[in-house]
Amino acid sequence: MAVRTAVASRATRPGLLVTIIALLLVAATFVPLGYIVSTLLSTGFHETAQLVFRPRVGELLRNTVSLVVITVPVCLVLGIGLAWIVERTDVPGTAWWGPIFAAPLAVPAFVNSYGWVSAFPSLNGLWAGVLIATVSYFPLVYLPAAATLRRLDPAVEESARALGSGPIAVFVRIVLPQLRLAILGGGLLISLHLLAEYGAFAMIRFSTFTTAIFEQYQSSFAGAAGSTLAGVLVVLCLVLLAGEAAARGNARYARIGSGVPRAAIRVRLGINKIPVFLLLAAALVAALGVPLWTIIRWLRIGGSKVWVMDDIGESLGQTIGLAATAAVVTTLCAFPVAWIAVRSTSRFARIIEGANYITSSLPGIVIALALVTVSIRWLPALYQTAATVLAAYTLMFLPRALVGVRAGLAQVPIGLEEVSQALGKSRPVTFLLVTLRLTAPAAASAAAMVFVAVATELTATLLLAPNGTRTLAMRFWSLSGELDYAAAAPYALIMIIAAVPVTYLLFTQSRKAAGL
Amino acid sequence: MAAARWKLVSGAIAAITLLAATGCSASSKDDNEILVYNAQHESLTKEWAEAFTKETGIKVTMRQGGDTDLGNQLVAEGKNSPADVFLTENSPAMALVENAGLFADVNADTLAQVPEQFRPSTGKWTGIAARSTVFVYNTGKLQGDQLPKSLLDLQQPQWKGRWSAGVSGADFQAIVAALLALKGEDVTKAWLEGMKDNAIASQNNVTTMKGVNSGQFDGGVIYHYYWYRDQANTKESSNNTKLYYFKNQDPGAFVSISGGGVLKSSKKQENAQRFLAFIASQKGQEVLRDGDSMEYPVSATVAANPALPPLASLDAPKVDPSKLDAKKVTQLMTEAGLL
């Protein structure tokens with residue numbers, strides 16, 4: 001018995017190596033924060049206060065907070081509503097709708113913005129921002145909600161119904177509480193996206209903290225005003241993270257005992273079939289139809305001369321190279337952090353996770369500028385090399401990889417690792433043979449998430465990439481900025497196509513991972 | 001077990017290095033190749049670079065960015081900069097790099113090709129193209145006598161909510177820098193405060209023009225060539241608009257000089273100087289006349305694209321391009337609450 005306990009603790013407690021890697025990552029995540037703090041300190045209290053307490057910051061605060069407060073509930077209602085319709089009603093084509101509502105993830109928000117602004121040139125301001133953000137980000141709620149609904153044990157709902165509750169009461173009292181983790185996770189993810197998004201909002205003349213920081217840096221680069229705004233943004237992010245952590249609590253909704261839940265009986269829509277179907281179609285048109293229609297329209301206008309194959313091929317190669325490398329590196333980095341998060345409940349684990357979320361919620365430009373400053377000053381050999389831009393991607397997208405890897409690790413039976421170690425295999429070998437093999441599907445979906453994010457990333461790439469780099473997103477942004485919408489269209493199309501298989505993978509993976 | 005662990009770690013490190021190295025292949029090395037920090041429009045510089053490579057065999061790599069981003073980046077990089085040449089859309093970022101003492105002298109032959117009013121007196125960089133400030137207006141909303149007589153009129157209350165400009169861009173900030181150089185700090189400050197009350201900020205010249213075209217604003221302050229390019233193309237964003245030239249040496253008639261300079265730190269001085277000489281030469285300037293950039297050539301011997309009114313007819317105010325102060329402009333705009 002004593003032996004068994006010792007082995008168990010060996011398998012669960014994070015080893016020295018894991019701890020060191022995790023600590024290094026945490027240290028790296030503090031580079032951008034340290035950069036902001038150090039510019040603020042060198043600016044001095046008086047000037048900082050002057051820069052914080054001015055009307056412009058009030059304006060930005062109002063815009064940014066309204067955006068989050070309006071968009072997140074809209075995305076929740078839309079995402080959960082669509083998920084419920086697709087998973088629990090007999091609306092025609094349920095098999096098709098499932099993956100279709102994951103597909104908008106393949107359209108970068110700034111391409112969505114380009115699509116909508118082309119179709120309706122007068123779009124601008126808060127409501128345009130809400131619209132673009134909603135159609136871009138609702139799948140982040142839809143996916144986990146649909147996956148959870150799919151695996152919920154219908155027995156509980158049936159019991160409630162047998163006890164006399166109507167369908168709405170069952171939804172509110174039984175289904176909704178079980179979606180809490182999907183709601184909180186998706187909501188947090190969307191909020192952080194909203195805080196960091198630049199391109200989509202810049203195109204529709206809606207100022208948030210991030211667009212204003214970008215403007216400041218375009219004007220005076222490492223200016224104190226930009227860093228002050230970034231500081232306020234960090235505070236906003238902390239509020240969100242604390243709010244989510246408090247709301248998440250410790251409640252668990254796991255099914256007790258083994259066995260496979262039956263598929264739920266679908267609600268018969270009857271006469272409502274048509275309006276519900278039209279609702280799904282409308283969501284589809286808004287999220288995919290408008291950007292695709294715009295792109296196709298510009299491709300028709302541009303004809304064959306917009307397909308400059310040399311440029312497109314070069315961009316595609318570079319984009320895939322950077323995105324694939326970043327996906328692998330980031331997923332590898334996610335393992336130690338996920339390990340600690342899953343296998344330990346210590347405060348250390350919470351800090352490690354939290355630090356990553358804070359950094360990734362900062363706009364790319366803040367992270368990029370911090371790395372520019374650090375690499376020029378202390379690591380000139382790394383300046384403008386792939387290593388620096390990959391470091392930025394890792395800092396920005398680690399949480400995305402973390403979500404997948406953590407879900408995978410949580411499902412690995414520790415007993416198998418114990419057996420492996422009891423049979424004399426070392427920890428690294430056990431990791432490779434047991435843990436990695438079992439988490440491979442989750443890790444693949446994590447890598448896919450990072451791949452898509454990097455393939456469409458703009459600001460950090462602009463500042464940090466090696467000279468001569470022109471990713472698809474860079475060329476798209478540059479051409480659309482020059483008003484050459486037709487020439488920009490092929491790049492938009494390729495970005496979407498490149499992301500489709502990955503998005504599909506994400507969809508299938510979300511269904512499997514729902515067993516968490 | 002320790003050995004196995006090290007194998008794993010070293011294996012992982014090797015894999016990461018390998019992957020990083022594949023990512024690095026974007027920056028191929030060629031001894032003859034020059035690196036251009038390019039804030040000019042990508043398509044224009046690409047035309048220059050391709051023609052130059054054809055003529056000389058010297059390859060050109062571009063790092064694309066905005067005027068101020070790249071200017072500040074050069075200042076931060078200092079002596080260690082990998083850049084050989086810097087090209088901008090406007091002068092203030094050139095002045096920024098010049099003031100940091102980072103430019104080599106431009107070859108006398110190159111300067112001789114550019115008339116004096118299109119380059120700084122110091123000879124540390126040269127003008128390579130020019131663009132005029134204009135007031136674009138919606139023809140359904142404004143008629144001849146309702147147009148502002150001067151850029152300064154736009155601070156009057158009757159313009160509240162009716163005009164727009166790409167506040168955050170280097171283009172607009174160059175115009176404010178000209179206003180500052182011509183009229184001084186007090187006038188500029190008052191004008192910016194009026195702008196905060198009256199104007200609706202947009203992302204850049206293009207979004208301003210589109211907004212005017214769709215009737216969201218009556219008018220906007222932009223550079224001329226965005227309008228001419230759209231006219232030459234689909235007219236999608238300028239169909240309902242016309243351009244008004246302020247003339248009379250008004251700050252609103254400011255002609256902004258795009259600049260080019262060679263970095264002192266460049267290890268390929270000769271190639272870098274040749275590239276700049278090529279852009280200023282007859283051939284290089286003809287790209288501006290014949291291409292679709294619609295910017296003005298600065299060479300005395302090359303006429304503008306026939307679609308444009310002659311540069312001399314615009315009656316622009318005289319501003320020394322190396323006196324345009326980007327830092328001060330940012331500060332004043334921040335104080336006015338525009339940034």
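Order of the sequence lines sets the chain letters (A, B, ...), proteins ahead of strands, with each chain counted from 1.
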With heavy-atom distances below 4.5 Å as the criterion, would you say the side chains of [X] and [Y] are in contact?
X: A/Arg475; Y: B/Glu42; value: yes
X: A/Arg205; Y: B/Lys210; value: no
X: A/Thr469; Y: B/Arg63; value: no
X: A/Arg56; Y: B/Glu335; value: no
X: A/Tyr383; Y: B/Asn80; value: no
X: B/Thr207; Y: A/Met203; value: no

For [X], which atoms come within 4.5 Å of any heavy atom of chain B: side chain, backbone, both, or neither?
X: A/Met474; result: neither
X: A/Ala212; result: neither
X: A/Phe206; result: neither
X: A/Leu51; result: side chain
X: A/Gln50; result: neither

Any idea which of A/Gly317, A/Ala465, A/Pro55 has the most non-hydrogen atom pairs under 4.5 angstrom with chain B?
A/Ala465
side-chain hydrogen bond (donor to acceptor under 3.5 Å, both in side chains) between A/Tyr485 and B/Glu236, worked out
CA-CA 10 Å; A/Tyr485 282 177; B/Glu236 166 127 2; over 6 Å; no
Which distance, rounded to the nearest 0.5 Å, do you find between the [atom1] of [X] and the [atom2] of [Y]?
X: A/Ile301; Y: B/Asn233; atom1: CD1; atom2: CG; result: 10.0 Å
X: A/Asn467; Y: B/Leu35; atom1: CG; atom2: CG; result: 4.0 Å
X: B/Ser202; Y: A/Ile204; atom1: OG; atom2: CD1; result: 13.0 Å
X: B/His41; Y: A/Leu479; atom1: NE2; atom2: CG; result: 11.5 Å

Where on [X] is there a heavy atom nearer than 4.5 Å to chain A: the side chain, the backbone, both, or neither?
X: B/Glu77; answer: both
X: B/Phe217; answer: side chain
X: B/Pro82; answer: side chain
X: B/Leu338; answer: backbone
X: B/Ala201; answer: backbone
X: B/Leu339; answer: both

Short question: side chain of A/Arg470, backbone of B/Met62 - any donor-acceptor pair under 3.5 Å?
no
Max heavy-atom pairs within cutoff under 4.5 Å with chain A, candidates B/Ser168, B/Ser164, B/Gly78, B/Ala83, goes to B/Ser168
With side chain to side chain contact (heavy atoms under 4.5 Å, CB included) as the test, would you mind laying out the steps for B/Gln64 and A/Leu462 before giving the verdict?
CA-CA 8 Å; B/Gln64 191 68 29; A/Leu462 279 174; 5.6 Å; no
